Amino acid sequence: MNIILLGPPGAGKGTQARHLVETRNMVQLSTGDMLREAKDSGTEMGKVVADVMARGALVTDEIVIGLIREKLTDKAEHGGFIFDGFPRTLAQADALGELMSVENQTLDSVIEMRVDDEALVGRITARSTCSGCGEVYNDNTKPVPADGKCTSCGKATEFKRRADDNEESLKTRLMAYYKQTSPLIGYYYAKDMLSAVDGLGAIEAVQTEIATALGD
């Protein structure tokens, strides 16, 4: 099964993707992770990515599609792919659809994680992340353990806040999402592939909603 997690920054896509990786043996395809991995890989595509990133240039849709193509042709056994952070635009959605067709793959479901903007601002400005494994914490709902050890990786580590996890930056990122990415909601609805879940629910409740949307 191949799925897209769709939603604004801070909706919880990464958290839910990690759960799907753990419980369904799926492969999370995050644009940022793929670029970092490619940069250090030494492959031809990796050299292209390294050069683009070294120049501070824009990573093109063609490069990202090329990286996804490499993942799709990997013969390792897994439970399917989770597209996290891609596509972001209608053009990217078309390109992904064409690639999936060429590689004889199907896109089975698109999960929209719906959130209230004001509540989202409160969530994001209170979050921090384990620098070791990426586990997300929140001052209000999931505070950093008193002993300073991550509950996921078990290590005593540093818990970081993103520099852009503030109200002004988040509103800018939300505006970009609504302008560029929200049209994908209608795009996939028209293809009868869209399901919506409450992204602001408790983590376990959202997991249950996603499982239901995926036919469990």
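Starting from 1, each residue takes its place in the sequence as its number. Worth saying up front: this structure is predicted, and the values here are computed from it rather than measured.
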What closest approach, in Å, do [X] and [Y] show between heavy atoms, and which atom pair accounts for it?
| X | Y | value |
| --- | --- | --- |
| P9 | L174 | CD-CD2, 4.3 Å |
| V49 | A38 | CG2-CB, 4.1 Å |
| C130 | C153 | SG-SG, 3.9 Å |
| P145 | T151 | CG-CG2, 3.7 Å |
| S109 | A213 | OG-O, 4.5 Å |
| A93 | P87 | N-CB, 3.5 Å |

Heavy-atom donor-acceptor pair, [X] side chain to [Y] backbone, under 3.5 Å:
| X | Y | answer |
| --- | --- | --- |
| S128 | F159 | no |
| S101 | E98 | no |
| T212 | T208 | yes |

Would you call [X]-[Y] a salt bridge at under 4.0 Å N-O?
| X | Y | result |
| --- | --- | --- |
| E135 | K155 | no |
| R123 | D116 | no |
| E22 | R18 | no |
| D139 | R161 | yes |
| D74 | K71 | no |
| K47 | D51 | no |

Spacing of [atom1] belonging to [X] relative to [atom2] belonging to [Y], to within rounding of 0.5 Å:
| X | Y | atom1 | atom2 | value |
| --- | --- | --- | --- | --- |
| L107 | Y188 | CG | OH | 5.5 Å |
| L5 | L29 | CG | CG | 11.0 Å |
| T172 | E167 | OG1 | CD | 10.5 Å |
| T125 | L120 | OG1 | CG | 9.0 Å |
| L184 | K191 | CG | NZ | 11.0 Å |
| S195 | I3 | OG | CD1 | 10.0 Å |

Checking side chain to side chain contact (heavy atoms under 4.5 Å, CB included) against F83, which of M100, K13, Q28 comes through?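 Answer after filtering M100, K13, Q28: M100.
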
Would [X] end up clustered with [Y] when hydrophobic side chains under 4.5 Å apart are linked, directly or stepwise?
| X | Y | value |
| --- | --- | --- |
| V21 | L6 | no |
| V115 | I185 | yes |
| Y177 | I4 | yes |
| I82 | I111 | yes |
| V64 | L72 | yes |

Determine whether more than 12 heavy atoms belonging to other residues, nucleotides or ligands lie under 6.0 Å from atom [atom1] of [X].
| X | atom1 | answer |
| --- | --- | --- |
| D192 | CG | no |
| Y178 | OH | yes |
| R24 | CZ | yes |
| M175 | CE | no |

Test side chain to side chain contact (heavy atoms under 4.5 Å, CB included) applied to Y187 and T89, step by step: CA-CA 10 Å; Y187 178 92; T89 66; over 6 Å; no

Test item: side-chain donor near acceptor, Q105 and N2, under 3.5 Å: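 Yes, because at least one side-chain N or O of Q105 sits under 3.5 Å from a partner of the opposite role on N2.
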
R162 and T129: side chain to side chain contact (heavy atoms under 4.5 Å, CB included), yes or no, with the steps? CA-CA 8 Å; R162 284 178 46 164; T129 305; 5.7 Å; no

Evaluate the side chain to side chain contact (heavy atoms under 4.5 Å, CB included) criterion for residues L96 and F86: first the C-alpha distance (whole Å), next the side-chain angles of each, then the deciding distance (0.1 Å), finally the verdict. CA-CA 9 Å; L96 178 60; F86 191 91; 4.3 Å; yes

Evaluate the side chain to side chain contact (heavy atoms under 4.5 Å, CB included) criterion for residues T60 and I63: first the C-alpha distance (whole Å), next the side-chain angles of each, then the deciding distance (0.1 Å), finally the verdict. CA-CA 5 Å; T60 64; I63 289 176; 3.3 Å; yes

